[in-house]
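The figures that follow rest on heavy atoms only: side chains count, while hydrogens, waters and symmetry mates do not. Just so you know, ligand 1 is whichever comes first in the structure, and atom 1 is the first atom listed for that ligand. All residue numbers refer to positions in the sequence shown, counting from 1.
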Amino acid sequence: MSTVESEADASRLAWRSLWSSLAPIGRDPASGGYVRLSWSPADLAARDWFVTQAEARGLAVETDRNGNLWAWWGDPASGGAVVTGSHLDSVPHGGAFDGALGVVSALLAVDALRSRAVTPQRPVGIVVFTEEEGSRFGVACLGSRLLTGAVDPERARALTDATGTTLAQALAAAGLDPASIGPEPDRLARIGSFVELHIEQGRGLAQPVGVASGIWPHGRWRLQFTGEGNHAGTTLMADRRDPMLTAAFAVLAANKEARLLGGHATVGRLSVHPNATNAVPETVTAWLDARAAEQSTLDTLVANVRRRVAERAERDGTTVEVAVESVSPAVAFDAALRDRLVATLGPDTPVLGTAAGHDAGVLATAGVPAAMLFVRNPTGVSHSPAEHVTDDDCVAGVAALARVLEDLAC
Ligand code: HGY
Ligand code: MN
Ligand code: MN
């Protein structure tokens with residue numbers, strides 16, 4: 001066996017070993033997907049896994065005021081840090097790679113640099129952002145938004161999950177002080193550059209690794225439809241004020257408007273009260289996720305849906321209230337950093353945009369020089385147990401991240 005072959009085998013083994021240690025945490029055997037909602041037992045176990053792995057590498061681990069985890073190689077106080085990382089929470093029954101790939105790759109990239117006796121001149125950090133998916137408390141990238149001041153701490157504390165538990169209560173239960181959440185400008189100022197490695201979430205990559213150009217503007221809106229709860233058997237059709245009809249119309253209107261405008265719109269979550277087969281519902285809550293290449297298109301899409309739904313509600317005898325849960329503006333990643341990544345990885349490295357949101361986008365919006373590496377997704381499926389990356393591409397991602405960190409930190 002040649003040296004190159006044995007190095008490749010060692011990289012694959014290292015990948016498999018670390019990946020396998022995280023893989024059981026939060027996996028639902030019934031769906032084959034991951035349920036790691038922030039601050040749940042599964043999320044806490046994943047966070048413990050990270051702390052154990054970081055400490056085993058001699059990295060200094062700290063939890064910031066917003067619950068994000070940081071592991072340092074070198075002293076962050078010296079500034080100009082090169083930070084990588086991603087998130088470990090998931091959407092309900094999500095895939096194994098969304099977020100976790102970036103965290104596992106970060107740890108292995110540090111191992112790779114050390115095995116080559118690379119000595120960084122700048123501190124190197126690995127961050128695990130909390131509640132990136134917004135699957136528990138509704139606001140996407142909550143940890144990085146709090147860190148950067150993109151969400152009001154007072155509003156964040158009062159966010160509730162599906163059972164009515166507030167973020168403040170969840171943080172307190174995890175041993176954090178909810179009163180102290182909020183922006184940390186000093187911590188942000190220490191970051192010279194942030195590079196998040198992430199599974200590519202469409203079919204945009206024909207080779208193992210690419211570099212991100214930007215992120216579509218996107219957001220989440222909660223639509224609450226209210227009618228009159230009543231008996232399904234005895235209430236005459238003409239007498240009904242059924243919010244399910246208005247909600248159903250909203251789902252179709254969102255899909256139609258997105259198709260007409262070239263955006264994306266999804267209603268992937270519904271809550272029905274009282275949720276009984278033989279009752280006309282009293283309320284239906286629907287969550288709209290909408291995205292578009294241009295902010296003006298997104299604004300038009302959402303405005304058209306709102307107008308058409310309001311008209312329909314009048315016909316149904318129902319009411320509709322719309323609340324914005326989180327909005328993210330368009331992101332163009334730092335051009336110099338993006339070009340530097342391409343120069344490091346080779347001129348044939350593809351540069352592509354995405355319609356998926358990321359903590360790197362939140363940091364970029366806050367003025368931190370940020371970039372992303374994408375790793376090929378052979379099926380293009382994400383937010384599903386079918387999400388997949390081959391071992392060889394995972395190893396290629398680690399190698400690419402290690403080269404980028406070495407270039408930026410040395
Ligand atoms: O929802 C998103 O775009 C991301 O995957 N969090
Ligand atoms: Mn995701
Ligand atoms: Mn993600």
At what distance, to the nearest 0.5 angstrom, does [atom1] of [X] lie from [atom2] of [Y]?
{"X": "L298", "Y": "W216", "atom1": "CG", "atom2": "CH2", "answer": "10.0 Å"}
{"X": "L245", "Y": "T318", "atom1": "CG", "atom2": "OG1", "answer": "8.0 Å"}
{"X": "R47", "Y": "D89", "atom1": "CZ", "atom2": "CG", "answer": "10.0 Å"}

| For the Mn ion (ligand 2), the closest N/O/S atom belonging to H383 |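 This turns out to be NE2.
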| field | the Mn ion (ligand 2) - closest N/O/S atom in E133 | value |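 Within E133, restricted to N, O or S, the Mn ion (ligand 2) is closest to atom OE2.
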Taking distance alone, with N or O pairs closer than 3.5 Å, would you say [X] contacts ligand 1?
{"X": "E133", "value": "yes"}
{"X": "D289", "value": "no"}
{"X": "G357", "value": "yes"}

| Taking both backbone and side chain into account, is any N, O or S atom of D98 nearer than 2.8 Å to the Mn ion (ligand 3)? |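 Under 2.8 Å: D98 contacts the Mn ion (ligand 3) through an N, O or S atom.
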| Metal site the Mn ion (ligand 3): N/O/S of H198 inside 2.8 Å |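 Within the cut-off used here (under 2.8 Å), H198 does place an N, O or S atom near the Mn ion (ligand 3).
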| query | Just heavy atoms, cut-off under 4.0 Å: does H383 contact ligand 1 by side chain, backbone, both, or neither? | reply |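 The part of H383 near ligand 1 is the side chain, not the backbone.
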| request: Heavy-atom distances under 4.0 Å are what count here, so tell me which part of R291 touches ligand 1: side chain, backbone, both or neither. | output: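 Answer for R291: side chain.
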| query | Is there side-chain contact between N230 and R240, with at least one heavy-atom pair below 4.5 Å? | reply |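 Heavy-atom side-chain distance check fails, nothing below 4.5 Å.
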| Do V309 and R306 have side-chain heavy atoms sitting under 4.5 Å apart? |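 Sidechains of R306 and V309: no contact.
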| task | On the 0 to 90° scale, with breaks at 30° and 60°, tag the W19-F97 ring pair as parallel, tilted or perpendicular. | result |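 Parallel, since the angle between the ring planes stays under 30°.
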| task | Please state whether H358 comes within less than 4.0 angstrom of ligand 1, counting heavy atoms only. | result |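 The answer is no, since H358 has no heavy atom less than 4.0 Å from ligand 1.
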| task | Mark the output for Q201 as yes if a heavy-atom distance to ligand 1 is under 4.0 Å, and as no if none is. | result |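 Right, Q201 reaches ligand 1.
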| field | R12/D9 salt bridge by N-O under 4.0 Å criterion | value |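 Salt bridge between D9 and R12, a charged N being under 4.0 Å from a carboxylate O: yes.
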| said: List ligand 1 atoms under 4.0 Å from E132, heavy atoms only on the residue side. | reply: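 Selected atoms, number and element: 4 (C), 6 (N).
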| said: Using a 4.0 Å cut-off to any heavy atom of A356, which atoms of ligand 1 qualify? | reply: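 Atoms satisfying the 4.0 Å criterion: 3 (O).
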| request: Could you verify whether a donor N or O on one side chain and an acceptor N or O on the other, from R136 and T130, lie under 3.5 Å apart? | output: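 Result is no, nothing qualifies.
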| Axial cation check for W70 ring with R190, 6.0 Å and 45° limits |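 Cation-pi check for R190 and W70: fails.
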